[in-house]
Amino acid sequence: MSRSVTASFLAGLLFGLGLILSGMANPAKVLGFLDLAGAWDPSLALVMVGAIAVAMVAFRLASRRQHSLLAEPMRLPGKGDIDRRLVLGGLGFGIGWGLAGFCPGPALVALGAGELKAAVFVAAMLAGMAWFELLERPPARAA
Amino acid sequence: MLQLDLAAFTPASSLAGGIFIGLAAAMLILLNGRIAGISGIVGGLLRPVHGDISWRLAFTAGLMLAPLLWATVSALPAIRIDAGFPVLIVAGLLVGISVRYGAGCTSGHGVCGLSRLSPRSLVATLAFMCSGFATVFVVRHLIGG
């Protein structure tokens, strides 16, 4: 197994531990943040603050490099347009997030914890992603 | 008026968990040159490109194994999923298609994008935060209230 694959695995593990520690693997807690009109739990905002404070330094360092420390190409997103897709995608994602209290990372962590409902959400999410692929890149038809 | 739920608020562990997430994103970009966007990492598996699969699988496996590692040290915190199966299916489909259409979710746009000061990610994050707030308001206070 290459070093970069090992690094990916460890990053995923750390990410998952962070989601558990922060309470964000629990949809009830996420919904407590999204429910501004109820008893509001601001915890999610602090998760963002902690994550961004650290990641911001890393992305600054990364933006000055052509290659990663393991000699992989540095793949930073370019300056894309702020278009209808971006806004509609964001709005649609927020609706699903608000309905279930799950976004993709926490759903995968909850699935790993053996939650049946998380498995159902993840299966539907993968179907949604596959649906996008079909719409975006229809399989080539035989001539 | 905004009412704080101080009993539920976990400032220390949420900030610490956030720092873990930031370190994970830092690791992935500095070691592998990749953005820690979960929907992009998982979505890319559904459009497999040769040589671009194993790191995605490894990250996803790490994410899913985190609860098992946690459980070897300490009891796993409760996971409460109130939504029923039909709602979970609708929500999952909507999340799956939307995060690919909008090119990111809470991790890719919310954490990594905002850390890069990307205007695109700021717009996306505002969009999903606003529709998330609105959805919970409708579900809990208009329909359920």
Can B:Ser107 and A:Phe15 be said to form a side-chain contact (heavy atoms from CB on, under 4.5 Å), step by step? CA-CA 10 Å; B:Ser107 47; A:Phe15 201 111; 3.7 Å; yes

Calculate, to the nearest 0.5 Å, the distance between atoms CE and CG belonging to B:Met64 and A:Leu111 respectively. 4.0 Å

Are B:Leu114 and A:Met48 side-chain neighbours, meaning at least one heavy-atom pair lies under 4.5 Å? yes

B:Gly113, B:Ala134, B:Cys112, B:Ala103: which one forms the most heavy-atom pairs within less than 4.5 Å of chain A? B:Cys112

So for A:Ala127, is it side chain, backbone, both, or neither that comes closer than 4.5 Å to the heavy atoms of chain B? both

For the candidates B:Val42, B:Leu2, B:Ile41, B:Leu65, which exhibits the highest count of non-hydrogen atom pairs separated by less than 4.5 Å from chain A? B:Leu2

Given side chains that start at C-beta, do those of B:Phe137 and A:Asp35 come closer than 4.5 Å, heavy atoms only? no

Quick one: what part of B:Phe9 sits under 4.5 Å from any heavy atom of chain A, side chain, backbone, both or neither? both

Within the 4.5 Å heavy-atom criterion, are A:Ser22 and B:Phe20 side-chain neighbours or not? no

Between B:Ser115, B:Gly17, B:Gly132, who has the most heavy-atom pairs with chain A when the cutoff is under 4.5 Å? B:Ser115

Distance from B:Ile19 atom CD1 to A:Ile52 atom CD1, nearest 0.5 Å? 12.5 Å

Flag the pair B:Phe133 / A:Phe33 as yes when their ring centroid distance falls below 6.0 Å, and as no otherwise. yes

Could you look at B:Thr135 and say if it's the side chain, the backbone, both or neither that has a heavy atom under 4.5 Å from chain A? side chain

Out of A:Val120, A:Ile20, A:Asp83, return the one with the most heavy atom pairs under 4.5 angstrom to chain B. A:Ile20

Cluster partners of A:Val87, using ILVMFWY side-chain heavy atoms under 4.5 angstrom, listed by chain and number? A:Ile82, A:Leu86, A:Leu91, B:Val123

Residues A:Pro104 and B:Ser39: closest non-hydrogen pair is CG-CB, 4.3 Å

Examine whether an atom of B:Leu57 lies under 4.5 Å from a heavy atom of chain A, and if so say whether it belongs to the side chain, the backbone or both; otherwise answer neither. neither

Considering only heavy atoms and a distance below 4.5 Å, find which of B:Gly43, B:Ala124, B:Cys105, B:Ala26 pairs most often with chain A. B:Cys105

For each of A:Gly38, A:Gly23, A:Gly32, A:Ala53, tally heavy-atom pairs with chain B at distances under 4.5 Å, and name the one with the top tally. A:Gly38

Look at the side chain of A:Lys29 and the backbone N and O of B:Ala8, then say whether any donor-acceptor pair between them is shorter than 3.5 Å. yes

Pairs of donor and acceptor atoms involving the side chains of residues 69-84 of chain B, under 3.5 Å and at least two apart or interchain, shall be tabulated with distances.
{"from": "B:Trp70", "atom 1": "NE1", "to": "B:Ala75", "atom 2": "O", "distance (Å)": "3.1"}
{"from": "B:Thr72", "atom 1": "OG1", "to": "B:Leu69", "atom 2": "O", "distance (Å)": "2.5"}
{"from": "B:Arg80", "atom 1": "NE", "to": "B:Asp82", "atom 2": "OD1", "distance (Å)": "3.1"}
{"from": "B:Arg80", "atom 1": "NE", "to": "B:Asp82", "atom 2": "OD2", "distance (Å)": "3.3"}
{"from": "B:Arg80", "atom 1": "NH2", "to": "B:Asp82", "atom 2": "OD2", "distance (Å)": "2.7"}

Taking side chain as C-beta onward, heavy atoms only, is A:Arg75 less than 4.5 Å from B:Ile35? no

Chi angles and distances behind the salt bridge (charged side-chain N to carboxylate O under 4.0 Å, His left out) call for A:Glu133, B:Arg100: CA-CA 9 Å; A:Glu133 292 298 333; B:Arg100 297 299 282 150; 3.4 Å; yes

Name the member of A:Val49, A:Asp81, A:Leu10 that forms the most heavy-atom pairs with chain B at distances under 4.5 Å. A:Asp81

Is a side-chain donor or acceptor of B:Asn32 paired with a backbone partner of A:Ser4 at a separation under 3.5 angstrom? yes

Cut-off 4.5 Å, heavy atoms of chain A, and the answer for B:Thr60 is side chain

Chain B heavy atoms under 4.5 Å from A:Leu19: which part of the residue, side chain, backbone, both or neither? both

Where B:Ala24 and A:Leu14 come nearest, the two heavy atoms and their spacing: N-CD2, 3.7 Å

Contact winner vs chain A - B:Leu45, B:Leu126, B:Val90, B:Leu4, heavy-atom pairs under 4.5 Å: B:Leu4

Smallest heavy-atom separation, A:Ser8 atom then B:Leu28 atom, equals OG-CD1, 3.7 Å

Write down the atom of A:Val54, the atom of B:Gly22, and the distance for their closest heavy-atom approach. CG1-C, 3.6 Å

For the residue pair B:Ala91 and A:Gly96, what are the closest heavy atoms and their distance? CB-O, 3.5 Å

What residue in A:Gly101, A:Ala118, A:Ala100, A:Gly80 has the most heavy-atom pairs under 4.5 Å with chain B? A:Gly80

Pick from A:Glu72, A:Met129, A:His67: which one has the most heavy-atom pairs with chain B under 4.5 Å? A:Met129

Atom group of A:Leu44 that falls short of 4.5 Å from chain B, counting heavy atoms: side chain

Taking the side chain as everything from C-beta on, heavy atoms only, tell me whether A:Pro77 gets closer than 4.5 Å to B:Arg116. yes

Okay, B:Cys130 and chain A: the region with an atom under 4.5 Å from a heavy atom over there is neither

Just so I know, are the side chains of A:Phe121 and B:Val95 near enough to count as touching, which here means a heavy-atom distance under 4.5 Å? yes

For the atom pair CZ (A:Phe93) and CD1 (B:Ile97), what is the distance rounded to the nearest 0.5 Å? 14.5 Å

Could you tell me which portion of B:Ala12 (side chain, backbone, both or neither) has an atom closer than 4.5 angstrom to a non-hydrogen atom of chain A? neither

Verdict with supporting geometry, B:Gln3 and A:Trp40, side-chain contact (heavy atoms from CB on, under 4.5 Å): CA-CA 6 Å; B:Gln3 242 187 335; A:Trp40 189 53; over 6 Å; no

Pick from A:Leu76, A:Val47, A:Leu88, A:Leu126 with the largest number of heavy-atom pairs that fall under 4.5 Å of chain B: A:Val47

Beyond-backbone contact of A:Leu31 with B:Arg140, side-chain heavy atoms, under 4.5 angstrom: yes

Side-chain heavy atoms of B:Val99 within contact of A:Met125, under 4.5 Å: no

Cut-off 4.5 Å, heavy atoms of chain B, and the answer for A:Pro42 is both

Output for pair (B:Ser14 OG, A:Leu21 CG), nearest 0.5 Å, gives 8.0 Å

Can A:Phe132 and B:Leu46 be said to form a side-chain contact (heavy atoms from CB on, under 4.5 Å), step by step? CA-CA 10 Å; A:Phe132 167 85; B:Leu46 300 174; over 6 Å; no

Looking just at side-chain N and O atoms, do B:Thr10 and A:Ser43 make a donor-acceptor pair shorter than 3.5 Å? yes

Can you tell me how far apart CD (A:Glu136) and OH (B:Tyr101) are? Round to the nearest 0.5 Å. 7.5 Å

Starting at OG of A:Ser68, measure out to CG of B:Leu31 and round the result to the nearest 0.5 Å. 6.5 Å

B:Ser13 versus chain A, heavy atoms under 4.5 Å apart: side chain, backbone, both or neither? both

Identify the two heavy atoms, one from A:Gly92 and one from B:Leu94, that lie closest to each other, and give their separation to 0.1 Å. O-CG, 3.5 Å

Can you tell which of B:Ile89, B:Leu30, B:Leu6 has the highest number of heavy-atom pairs within less than 4.5 Å of chain A? B:Leu30

